[in-house]
Amino acid sequence: MGGKGKTPPPIDPGEASGKYLFGQDFSSFSGITDPRLQERIIGAEEQFRPRYAALELADINTFAQGAIDPETGERSGGVFDLLADSSRRAGDLQREQLAQQRADDVSALQEFSPQVVEAYRAADPFSTAIADRMSRRALGQLTPEEERNIQQQARAGSLARGRIGDESSVASEVLGRDTYTAQFAQPAFAMNRQIAGDLGSTILGRPSQSIQLGGQMFGQAQGLASGPMGPQLFDPNAGINMALQQRGQDMSLMGAQAQARGAMIGGALGGLGSAIGGMN
């Protein structure tokens with residue numbers, strides 16, 4: 001039969017924080033904000049903080065610049081030296097990998113681009129036929145009917161000017177032919193490019209990637225900036241944390257006391273049973 005302890009009252013976070021900051025009755029000046037206590041803390045800070053700061057700065061300098069050998073006076077490599085060396089090696093490696101990537105990309109385009117273009121053209125024969133017709137005209141490969149129309153228009157203009165058959169009439173025919181074919185150059189180019197699509201994205205499956213060192217450095221700086229900066233004089237959470245720690249100790253003590261009482265009662269009952277058995 002185990003003992004039953006009294007459950008302690010619940011913890012009031014506001015009361016626990018208030019007692020930590022201002023004392024037991026919130027006015028006795030025995031908390032962390034007690035001016036007398038703060039004077040002692042400030043005095044200790046004034047005396048010892050410069051020495052701790054000097055040690056910390058020395059550690060920072062050692063990590064950054066390296067330690068000095070007392071025998072040789074030479075400085076060992078520090079973080080700056082390691083950073084410079086690793087940056088150079090990383091840069092060389094990245095440039096090497098980027099050059100290899102570009103070479104592989106060019107090789108892939110040379111090998112697969114014609115096949116991809118032909119596959120696109122075969123998949124849409126009507127658009128391909130129109131693009132071929134526009135390309136033929138842009139390249140000056142005209143049908144006999146188109147040639148006759150250009151020639152007749154040029155001769156009609158020369159006849160109207162009374163210069164049929166001379167050199168200006170021939171030049172007019174050549175100029176008319178060039179004007180006719182030039183109007184198909186831009187549409188033909190656009191149609192063929194649209195049918196072929198973005199070969200680089202299709203074959204490689206990704207856009208070109210650049211080195212992201214700036215983004216990495218920004219992420220590291222952001223991580224450092226998100227941490228706490230400088231000491232905090234008063235932490236209201238300290239009071240509730242101390243109260244919760246005390247509560248845990250109280251519960252452990254109550255459990256031990258209950259176990260001890262249970263053992264005592266169990267022993268007494270066992271002795272009583274033995275005595276009754278002897279009497280019988």
* Show the numbers, then the answer: is there a side chain to side chain contact (heavy atoms under 4.5 Å, CB included) between Gln183 and Thr179? => CA-CA 7 Å; Gln183 64 181 324; Thr179 302; over 6 Å; no
* **Neighbour count above 12 (heavy atom, 6.0 Å) for Gln141 CD** => yes
* Contacts of type side chain to side chain contact (heavy atoms under 4.5 Å, CB included), residue Arg121, not counting sequence neighbours -> Val117, Glu118, Thr128, Asp132, Asn192, Ile195
* To do: Decide yes or no for Leu93 and Arg89: does some side-chain heavy atom of the first lie under 4.5 Å from some side-chain heavy atom of the second?
  => no
* Determine whether more than 12 heavy atoms belonging to other residues, nucleotides or ligands lie under 6.0 Å from atom CZ of Arg136. => yes
* Taking only residues two or more places apart in sequence, or in another chain, which ones meet Ala119 in a side chain to side chain contact (heavy atoms under 4.5 Å, CB included)? -> none
* Asked: Taking the side chain as C-beta and beyond, is there a heavy-atom pair between Glu56 and Ile60 under 4.5 Å?
  -> yes
* Quick check: does any side chain N or O of Thr181 sit under 3.5 Å from a backbone N or O of Asp178, one acting as donor and the other as acceptor? -> yes
* To do: Enter the distance from Ser135:OG to Met191:CE here, rounded to the nearest 0.5 Å.
  => 8.0 Å
* Value rounded to 0.5 Å, distance of CG in Leu55 from CG in Asp59 -> 7.0 Å
* Structure fact -> Value for OH (Tyr52) from CD (Glu45), rounded to nearest 0.5 Å, stands at 9.5 Å
Review item, side-chain donor-acceptor pairs of residues 142-153, under 3.5 Å, at least two apart:
unit_1 : atom_1 : unit_2 : atom_2 : d
Thr143 : OG1    : Glu146 : N      : 3.2
Thr143 : OG1    : Glu146 : OE1    : 3.4
Glu146 : OE1    : Thr143 : N      : 3.0
Glu146 : OE2    : Arg137 : NE     : 2.8
Glu146 : OE2    : Arg137 : NH2    : 3.2
Glu146 : OE2    : Tyr180 : OH     : 3.2
Glu147 : OE1    : Arg177 : NE     : 3.3
Glu147 : OE2    : Arg177 : NE     : 3.1
Glu147 : OE2    : Arg177 : NH2    : 2.8
Asn149 : ND2    : Glu145 : O      : 3.3

* Structure fact -> d(Glu39 CD, Ile42 CD1) to nearest 0.5 Å is 5.5 Å
* **Gap between atom CD of Glu173 and atom CZ of Arg155 - 0.5 Å precision** => 5.0 Å
* Asked: At their closest point, which heavy atom of Ala188 faces which heavy atom of Ala138, and how far apart are they?
  -> CB-CB, 4.3 Å
* What do the steps show when you test Arg133 against Ile130 for side chain to side chain contact (heavy atoms under 4.5 Å, CB included), and what is the final call? -> CA-CA 5 Å; Arg133 186 175 181 181; Ile130 296 174; 5.7 Å; no
